[in-house]
Chemist: 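Sending over a structure as structure tokens; questions will come in a sec.
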There are 2 protein chains.
Amino acid sequence: MAGADSTLRRFVGYDMKRAFNLIQGDVNAVLKPFGLRMVTFSALCVIRDTPGLKQSRLAQILMIERPNLVLILDDLERADLVVRERSREDRRAFELTVTALGAQVCNQAVAAVERHDARMTSGLEGAEVQALHKALRQIELNGRSVNDPSDRSTGPVSPP
Amino acid sequence: MAGADSTLRRFVGYDMKRAFNLIQGDVNAVLKPFGLRMVTFSALCVIRDTPGLKQSRLAQILMIERPNLVLILDDLERADLVVRERSREDRRAFELTVTALGAQVCNQAVAAVERHDARMTSGLEGAEVQALHKALRQIELNGRSVNDPSDRSTGPVSPP
DNA sequence: TTCATTAGTTACATGGCATAACGAAAAACC
DNA sequence: GGTTTTTCGTTATGCCATGTAACTAATGAA
């Protein structure tokens with residue numbers, strides 16, 4: 001037999017689930033020394049790159065629900081990596097910024113994740129990794145229009 | 001700005017998480033009419049293709065822990081898609097087979113997931129999808145040796 | 001002013017996945 | 001042949017990720 005899961009191997013989703021599970025396990029192990037998880041790391045990066053970001057916008061960018069973001073930010077704030085500051089113009093909203101420590105941890109974590117990424121893509125040529133990125137983004141695009149036919153702009157875009 | 005998550009877009013894991021979340025959402029919606037989830041569908045396929053399979057072996061193949069498989073099989077058995085039968089030679093173990101209904105549902109579900117797969121990979125050439133499979137399998141391979149340096153054969157293989 | 005909307009939050013439910021520990025049966029051992 | 005060890009399926013449990021509903025406070029529009 002060609003492998004007990006040969007039927008499933010025909011599906012991109014199956015290969016992707018297996019690959020992603022391993023990536024997630026490894027990246028979480030890599031981030032643990034920094035006190036970060038995959039989600040908190042992602043949030044930290046976006047906040048560092050977009051100072052003054054509001055929570056709702058961050059939730060949009062990371063495609064997570066606002067309630068989930070609360071605990072993520074609690075986590076980052078407790079670790080003194082991020083601060084929430086009430087917005088001057090809109091006193092409902094918070095503006096997010098990284099602390100000095102947050103910027104430093106972010107740098108180191110990014111470097112660690114870059115090494116992790118290189119490890120996981122080893123054996124693949126640069127062009128193959130590029131093609132992988134392209135294919136994944138196309139799937140993301142397809143997946144979005146499937147879930148919301150009228151969507152063409154939900155994702156990360158530049159602020160107005 | 002090139003996009004608020006441009007730092008993260010450099011990582012395969014980030015693109016993959018986003019793509020996979022959408023795939024998972026869509027495939028679960030596709031499978032819902034069959035009373036299946038992603039995991040139960042996977043188990044059903046492998047059992048159909050490998051009659052008489054033991055639970056431990058199935059857990060190995062799908063890379064899930066034995067305790068988790070129990071509920072998955074309870075689910076499939078309750079839906080009358082799969083039967084557990086005590087093994088003649090080893091009365092601790094169960095041999096798994098699909099029922100007639102299970103085979104039928106499996107066929108239809110596979111067809112539905114094939115359509116889903118085509119939808120999610122639309123816009124990509126056949127060669128690009130092939131390259132995607134190849135890249136994902138290479139990552140799976142890399143991920144396994146990372147987590148278990150002495151591993152080269154944990155995955156699905158033919159029975160002795 | 002009143003009403004609808006928005007930002008963040010709380011509470012809660014669900015599903016995925018991992019570990020520890022158990023009873024039963026088999027295998028290994030002496 | 002009886003004892004120990006291992007294996008199979010199971011139970012119980014907990015953690016993490018994720019989603020929904022409902023609340024509050026503040027904003028903005030009618």
Side-chain angles (χ1 to χ4, degrees), chain A residues 13-14 16-18 20-29 31-32 35-43 47 52-77 82-96 147-148, chain B residues 13-14 16-18 20-29 31-32 35-43 47 52-77 82-96 147-148:
Chain A
Y14 182 71
M16 200 183 298
K17 184 190 177 69
R18 297 178 71 99
F20 180 68
N21 278 350
L22 291 163
I23 285 188
Q24 195 174 34
D26 188 57
V27 82
N28 277 329
L31 290 173
K32 192 155 207 170
L36 294 172
R37 292 166 295 148
M38 212 176 181
V39 225
T40 54
F41 169 73
S42 300
I47 296 169
L53 192 66
K54 309 260 169 66
Q55 290 189 203
S56 335
R57 183 80 192 99
L58 179 55
Q60 275 180 27
I61 291 167
L62 295 181
M63 291 219 291
I64 62 184
E65 301 302 315
R66 280 78 76 213
N68 298 327
L69 191 57
V70 174
L71 297 179
I72 293 166
L73 291 174
D74 286 352
D75 205 345
L76 288 171
E77 213 174 21
V82 159
V83 284
R84 282 190 257 227
E85 283 174 320
R86 290 234 101 107
S87 165
R88 275 322 235 157
E89 318 97 35
D90 185 346
R91 277 176 17 207
R92 296 170 300 179
F94 286 114
E95 293 177 355
L96 305 171
N147 286 343
D148 179 13
Chain B
Y14 183 71
M16 201 182 298
K17 183 190 179 69
R18 296 177 72 100
F20 179 68
N21 278 350
L22 291 164
I23 285 188
Q24 195 174 34
D26 187 58
V27 83
N28 277 329
L31 290 173
K32 191 156 209 172
L36 295 171
R37 292 165 295 149
M38 210 174 182
V39 227
T40 55
F41 169 73
S42 300
I47 295 169
L53 192 67
K54 309 260 167 67
Q55 290 190 202
S56 337
R57 182 81 193 101
L58 178 55
Q60 275 181 27
I61 291 166
L62 295 180
M63 292 219 290
I64 62 184
E65 300 302 314
R66 279 78 73 212
N68 297 327
L69 190 56
V70 174
L71 297 180
I72 292 167
L73 291 175
D74 286 353
D75 205 344
L76 289 171
E77 214 174 20
V82 160
V83 284
R84 283 190 256 226
E85 284 174 317
R86 290 233 98 107
S87 165
R88 268 335 225 149
E89 318 96 34
D90 186 345
R91 278 174 19 207
R92 295 168 300 178
F94 285 114
E95 293 178 354
L96 305 171
N147 286 344
D148 180 12

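Here is the naming used below: chain letters follow the sequence lines, and residue numbers restart at 1 for every chain.
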Chemist: Report the distance from atom CG of Leu96(A) to atom P of dA7(C), rounded to the nearest whole Å.
Modeler: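 Atom CG in Leu96(A) sits about 13 Å away from atom P in dA7(C).
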Chemist: Glu95(A) CD to dA7(C) C1': how many Å, rounded?
Modeler: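 Interatomic distance, CD of Glu95(A) to C1' of dA7(C): 13 Å.
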Chemist: Would you mind reading off the distance between Leu73(B) atom CG and dC8(D) atom P, rounded to a whole angstrom?
Modeler: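 Distance check: Leu73(B) CG to dC8(D) P gives 15 Å.
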Chemist: How long is the line joining CZ of Phe20(B) and P of dT18(D), in whole Å?
Modeler: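 About 11 Å, once rounded to whole Å.
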Chemist: Give a yes/no answer on whether the side chain of Arg84(B) brings an N or O atom under 4.0 Å of OP1 or OP2 in dT10(D).
Modeler: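 Checking Arg84(B) against dT10(D): at least one side-chain N or O falls below 4.0 Å of OP1 or OP2.
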Chemist: Would you mind telling me which of Val39(B), Val83(B), Leu96(B), Leu36(B) makes a side chain to side chain contact (heavy atoms under 4.5 Å, CB included) with Leu76(B)?
Modeler: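 By the side chain to side chain contact (heavy atoms under 4.5 Å, CB included) criterion, Leu76(B) pairs with just one of Val39(B), Val83(B), Leu96(B), Leu36(B): Leu36(B).
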Chemist: Between dA24(C) atom P and Arg66(B) atom CZ, what is the distance in whole Å?
Modeler: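 Rounded to the whole Å, the gap is 20 Å.
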Chemist: Roughly, in whole Å, what's the span from CG in Leu62(B) to C1' in dA18(C)?
Modeler: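 Between C1' of dA18(C) and CG of Leu62(B): 16 Å.
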Chemist: Which nucleotide, dG16(C), dG8(C), dT18(D), lies nearest any side-chain atom of Lys17(B)?
Modeler: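 Nearest to the side-chain atoms of Lys17(B), counting from C-beta on, is dT18(D).
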Chemist: Taking OP1 and OP2 of dT6(C), is either one under 4.0 Å from a side-chain nitrogen or oxygen of Ser56(A)?
Modeler: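 So the side chain of Ser56(A) is outside the cut-off, no N or O lying under 4.0 Å from OP1 or OP2 of dT6(C).
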Chemist: Side-chain N or O of Gln24(B) versus OP1/OP2 of dG16(C): is the shortest distance under 4.0 Å?
Modeler: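 No.
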Chemist: Could you work out, with side-chain contact (heavy atoms from CB on, under 4.5 Å) as the rule, every residue matching Ser56(A), not counting sequence neighbours?
Modeler: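 Partners of Ser56(A) under the side-chain contact (heavy atoms from CB on, under 4.5 Å) test: none.
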Chemist: Look at Lys32(A) and dC16(D) and indicate whether a side-chain polar atom (N or O) is within less than 4.0 Å of OP1 or OP2.
Modeler: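 For dC16(D), neither OP1 nor OP2 has a side-chain N or O of Lys32(A) closer than 4.0 Å.
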Chemist: Just how far, in rounded Å, is P of dT11(D) from CG of Leu69(B)?
Modeler: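 It is 13 Å, rounded to the nearest whole Å.
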Chemist: Looking only at side-chain atoms of Val39(B), point me to the closest of dC17(C), dT18(D), dT9(C).
Modeler: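 Side chain of Val39(B) sits closest to dC17(C).
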Chemist: Kindly compute the distance separating CD1 (Ile23(B)) from CE (Met38(B)), expressed to the nearest 0.5 Å.
Modeler: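 One finds 7.0 Å between CD1 of Ile23(B) and CE of Met38(B).
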Chemist: For the side chain of Gln55(B), starting at C-beta, report the closest nucleotide among dG9(D), dG15(C), dT9(C).
Modeler: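 The answer is dG9(D), which lies nearest to the side chain.
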Chemist: Once each nucleotide of nucleotides 20-30 of chain D is scored for protein heavy atoms under 4.0 Å, what B/S/- sequence comes out, 5' to 3'?
Modeler: BB---BBS---
Chemist: So which one's nearest nucleotide on DNA chain C is more toward 5', Asp74(A) or Ala93(A)?
Modeler: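 Of the two residues, Ala93(A) wins.
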Chemist: Which pair of non-hydrogen atoms, one from Leu22(B) and one from Met63(A), has the smallest distance, and what is that distance?
Modeler: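 Closest heavy-atom pair between Leu22(B) and Met63(A): CD1-CE, 4.3 Å.
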Chemist: Would you say that more than 12 heavy atoms from the other residues, nucleotides or ligands in this model lie under 6.0 Å from the CZ of Arg88(A), or not?
Modeler: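 Atom CZ in Arg88(A) is not crowded, with 12 or fewer foreign heavy atoms closer than 6.0 Å.
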Chemist: Grab the CG-P distance between Asn28(B) and dT18(D) for me, whole Å please.
Modeler: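 It is 14 Å, rounded to the nearest whole Å.
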Chemist: Between Lys54(B) and Asp90(B) (salt bridge meaning N to carboxylate O under 4.0 Å), is one present in this structure?
Modeler: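 A salt bridge is absent here (no side-chain N lies under 4.0 Å from a carboxylate O).
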Chemist: I'd like to check the side-chain contact (heavy atoms from CB on, under 4.5 Å) partners of Asp74(B); sequence neighbours left out, ordered by chain and number.
Modeler: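 For Asp74(B) the side-chain contact (heavy atoms from CB on, under 4.5 Å) partners, ignoring immediate neighbours, are Val70(B), Leu71(B), Arg78(B), Arg84(B).
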